[in-house]
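Basis for what follows: all heavy atoms, side chains included, without hydrogens, waters or symmetry-related copies.
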Amino acid sequence: MNIADQIYSATDSATQDRAQAIRDQLRDAIVDRRLAPGTKLSEGEVGTLFDVSRTVARAALQMLSFEGLVRTERNRGAFVANPSPEEARQVFASRRLIEPGIAIAACGRVTSADIVAFKAQLDEEGRFIAEHGPNARRSEIKASGDFHLLLASVAGNAILQRFMEELVARSSLVIALYGRSGVSACGHSEHTEIVGALENADCERASQLMLHHIDHIEADLDLRVRAGPALREALKF
């Protein structure tokens with residue numbers, strides 16, 4: 001259970017399940033760009049649209065906040081996160097500092113079972129890339145992020161893994177909102193090359209490939225401001 005799922009662990013399961021279902025619908029609207037950055041997410045309006053209490057609506061918004069998809073401001077409420085160009089640069093600068101080292105650490109620890117897991121992850125990415133539409137796009141972005149989290153897990157550093165969970169969440173938001181390509185910019189072919197380097201125990205190449213890969217992700221971003229519909233229209237109520 002992650003932090004977001006623990007927020008209302010003390011409440012009854014039906015309430016928590018409803019909050020998670022609302023979170024999923026709002027997340028889909030954000031990733032699909034139906035909800036533009038900066039859109040206000042009023043607890044009252046969310047509660048009315050989904051026919052739930054403000055408490056349930058608040059739980060869903062807090063879950064999204066922990067994922068980095070929503071920001072909350074005191075006395076103002078919740079808004080779809082709107083990462084600035086500088087924030088986006090900082091995210092990828094952080095990844096350049098961390099992930100090449102993670103690749104080296106993972107290379108030193110990777111097992112044959114890990115390679116099997118990586119290849120299964122690549123197969124999953126490939127299936128989503130072959131599909132079209134917003135559902136496939138959401139799934140491909142998530143699968144791409146999961147690749148980086150799997151690499152961090154293999155590296156065996158729990159602290160770095162937690163850092164990566166936040167960085168991947170923030171990166172996924174930026175990619176979903178500002179990626180120029182129709183699917184995640186996190187290139188499937190580059191993931192394949194990284195796994196090949198791991199399998200060959202070529203740690204330096206794995207590190208270099210990761211650095212190039214992060215450069216490629218950032219190069220695909222278009223950080224121009226986009227307008228979008230209001231909450232009701234975006235959720236098609």
Side-chain angles (χ1 to χ4, degrees), residues 2 4-5 7 16-54 56-73 76-85 87-88 91-92 124-125 127-146 165-186 188 217-218 220-237:
N2 59 32
D5 293 329
I7 295 173
Q16 186 174 359
D17 288 346
R18 186 62 178 136
Q20 289 173 340
I22 295 169
R23 172 193 64 180
D24 291 344
Q25 289 197 50
L26 290 171
R27 180 201 286 136
D28 290 349
I30 292 170
V31 172
D32 291 349
R33 307 190 202 194
R34 287 182 279 123
L35 279 173
T39 300
K40 183 173 177 58
L41 302 174
S42 161
E43 290 177 6
E45 185 176 9
V46 171
T48 298
L49 292 176
F50 290 97
D51 193 24
V52 297
S53 68
R54 291 174 68 98
V56 175
R58 185 180 307 118
L61 294 173
Q62 287 180 330
M63 290 175 183
L64 290 168
S65 178
F66 275 111
E67 294 179 63
L69 298 178
V70 164
R71 75 176 192 277
T72 57
E73 298 182 11
R76 294 194 65 214
F79 300 82
V80 176
N82 187 12
S84 68
E87 288 170 335
V91 166
F92 288 100
E124 184 176 7
E125 288 181 21
R127 287 195 299 273
F128 294 131
I129 290 171
E131 297 174 3
H132 300 283
N135 289 335
R137 181 171 182 273
R138 286 194 301 271
S139 298
E140 201 274 326
I141 291 174
K142 181 181 184 302
S144 294
D146 287 345
E165 288 171 358
E166 178 177 350
L167 286 173
V168 166
R170 292 177 180 272
S171 298
S172 295
L173 173 62
V174 171
I175 291 166
L177 294 174
Y178 303 120
R180 278 193 285 256
S181 58
V183 295
S184 165
C186 202
H188 177 67
I217 299 171
E218 186 174 11
D220 193 56
L221 300 179
D222 178 359
L223 297 173
R224 292 175 297 181
V225 175
R226 295 179 174 87
L231 176 60
R232 178 177 292 275
E233 288 75 20
L235 293 173
K236 299 179 180 178
F237 276 90

Exercise. Checking side-chain contact (heavy atoms from CB on, under 4.5 Å) for the pair R71/N82: CA distance, chi angles, key distance, verdict?
Worked result: CA-CA 8 Å; R71 75 176 192 277; N82 187 12; 4.0 Å; yes
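Counting only heavy atoms from C-beta outward, the side chains of L26 and V80 never approach each other to under 4.5 Å. At a threshold of 4.5 Å between non-hydrogen side-chain atoms, the residues D24 and R27 count as touching. A 4.5 Å side-chain heavy-atom check between D17 and Q20 finds at least one atom pair inside the cut-off. Inter-residue side-chain proximity for T72 and L61 is flagged as unmet; no heavy-atom pair is nearer than 4.5 Å. I30 is listed as a side-chain neighbour of V70, based on a closest heavy-atom distance under 4.5 Å. A heavy-atom distance below 4.5 Å is found between the side chains of R18 and F50.
Considering CG of D146 and OG of S172, their distance stands at 8.5 Å, rounded to 0.5 Å. With rounding to the nearest 0.5 angstrom, the CZ atom of R170 is 10.0 Å from the CG atom of L69. Rounding to the nearest 0.5 angstrom, the gap separating the CD atom in E124 from the CD atom in E140 is 10.0 Å. Interatomic distance, CZ of F79 versus OG of S65, reported as 12.5 Å (0.5 Å rounding). Considering CD of E43 and CZ of R58, their distance stands at 4.0 Å, rounded to 0.5 Å. Separating the CD1 atom in I175 from the OG atom in S144 is a distance of 7.5 Å, to the nearest 0.5 Å.
In plain terms, the two heavy atoms of V52 and A57 that are nearest each other are CG2-N, 4.2 Å. Summarising the geometry of T39 relative to L231, their closest heavy-atom pair is CG2-N, 4.5 Å, with the distance given to 0.1 Å. Across A60 and R23, no two heavy atoms sit closer than the pair CB-N, 3.9 Å. Among all heavy-atom pairs drawn from V168 and G145, the shortest one is CG1-CA, 3.7 Å.
No more than 12 heavy atoms of other residues, nucleotides or ligands sit less than 6.0 Å from atom CG of D51.
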